[in-house]
Amino acid sequence: MLLKGILFDLDGVITDTADYHLKAWQHLANSCHLTIDATLAPQLKGVSRIDAFKLILAHNHSRDRFSQTQIKQLCDDKNDYYKSLIRNMTQDNILPGIPEFLISCQKHKIKMAITSASFNAPQLLNSIGLTHYFDHIVDPATLVRGKPDPDIFLKGAHALGLLPSECIGIEDALAGIRAINAAGSYSVGIGDQHTLSEAKLVLPTTAALSLTLFT
């Protein structure tokens, strides 16, 4: 493939905020007398707050317990708690190999966009000092449907002035991999080979990322 652009997820790809998210969801779940177990936790990655909370409700057989207005408020409460946890993140929270990979991409004039479901992406990138590497950050508020729908990756490629087929997408969650594939981009998974088996390429950690894999 002729690689011209890279579409990055944020959580679990650029920086690891999974523990912070899980703590925030657990805090919300406890306040609502809901439970989150080891089988549910991975499903909360890579999807919108609303969709994640609906998964928690379904897991607890409580789909109709809250109105849509209540769900939105509870998700906002979760986000406020999450933001309080990530306030002090620094460059020390960048995942291994990412700075070197971003420098290499910039050197080779590869366009880069953030395609994360997180509304906190701008704040996070600023906190860890990586904002200047990215040509665009897709605003999740502009999406009709979240991952695994391909919308966010289609918007990311379009914002870079590229076709999806000219881009790779990097994700650590199955919903994200499915969205990349549906968009027509080359999917790269970071993490477990079995969990991310639908990816075109799976790397064990971000330290394994290299442009030589795609050129």
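- More than 12 heavy atoms of other residues, nucleotides or ligands lie within 6.0 Å of CG in Asp37, so this atom counts as buried by the packing criterion.
- Salt bridge absent: Lys23 and Asp19 never bring a charged side-chain N and a carboxylate O closer than 4.0 Å.
- Cluster annotation: Ile6 is not connected to Leu196 through the hydrophobic network of ILVMFWY side chains, with a link wherever side-chain heavy atoms come within less than 4.5 Å.
- Looking only at side-chain heavy atoms (C-beta outward), Ser104 and Lys107 stay at 4.5 Å or farther from each other.
- Contact record, Arg145 with Asp151: O-CB, 3.8 Å, taken as the closest heavy-atom pair.
- Under the 4.5 Å side-chain heavy-atom criterion for Ile, Leu, Val, Met, Phe, Trp and Tyr, Val13 and Ile168 are members of the same hydrophobic cluster.
- Between Asp9 and Lys147, the closest side-chain pair of non-hydrogen atoms falls below 4.5 Å.
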Step by step, would you call Leu125 with Leu10 a side-chain contact (heavy atoms from CB on, under 4.5 Å)?
-> CA-CA 9 Å; Leu125 286 173; Leu10 181 59; 3.9 Å; yes
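- Side-chain contact between Leu201 and Tyr186 is present, with heavy atoms from C-beta onward closer than 4.5 Å.
- Minimum interatomic distance between His33 and Arg65 (heavy atoms only, all atoms of both residues): O-NH1, 4.2 Å.
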Might you work through the side chain to side chain donor-acceptor pair (under 3.5 Å) test for Asp11 and Thr17, ending with a clear yes or no?
-> CA-CA 6 Å; Asp11 298 338; Thr17 58; 2.6 Å; yes
Could you go through the side-chain contact (heavy atoms from CB on, under 4.5 Å) check for Ile177 and Glu198 one step at a time?
-> CA-CA 7 Å; Ile177 294 299; Glu198 294 179 33; 4.2 Å; yes
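- Pairing each heavy atom of Leu44 with each of Ala52, the nearest pair is CD2-O, 3.5 Å.
- Contact annotation: the side chain of Val138 never approaches that of Phe153 to less than 4.5 Å [non-hydrogen atoms, C-beta and beyond].
- Side chain to side chain, Thr212 and Ser210 meet the donor-acceptor criterion of an N or O pair below 3.5 Å.
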Taking it one step at a time, do Gln43 and His59 satisfy side-chain contact (heavy atoms from CB on, under 4.5 Å)?
-> CA-CA 11 Å; Gln43 299 177 49; His59 183 75; 6.0 Å; no
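- Interatomic distance, Ile110 CD1 to Phe214 CZ, rounded to the nearest 0.5 Å: 10.5 Å.
- Side-chain contact check for Leu3 versus Leu211: some heavy-atom pair is nearer than 4.5 Å.
- Between the side chains of Thr15 and Asn93, not a single donor N or O lies within less than 3.5 Å of an accepting N or O.
- Rounding to the nearest 0.5 Å gives a distance of 8.5 Å between CD of Gln123 and OG of Ser118.
- Pro150 and Ala179 make their closest contact through CB-O, 3.5 Å (heavy atoms, listed as atom of the first residue, atom of the second, distance).
- In this structure, Phe53 and Trp25 have parallel ring planes: the angle between them is below the 30° cut-off, well short of the 60° mark.
- Residues Pro42 and Thr195 fail the side-chain proximity criterion, which asks for heavy atoms closer than 4.5 Å.
- Contact annotation: the side chain of Arg49 approaches that of Asp76 to within less than 4.5 Å [non-hydrogen atoms, C-beta and beyond].
- Atom NE2 of His194 sits in a sparse spot, with 12 or fewer heavy atoms from other residues, nucleotides or ligands closer than 6.0 Å.
- Remark: Leu74 CG to Leu28 CG distance equals 5.5 Å, nearest 0.5 Å.
- Within the 4.5 Å cutoff, side-chain heavy atoms of Leu22 are placed close to those of Ile36.
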Please lay out, stage by stage, how Ile128 and Ile14 fare under the test side-chain contact (heavy atoms from CB on, under 4.5 Å).
-> CA-CA 10 Å; Ile128 60 178; Ile14 301 294; 3.9 Å; yes
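- Here the side chain of Asn126 pairs no donor or acceptor atom with the backbone of Pro122 at under 3.5 angstrom.
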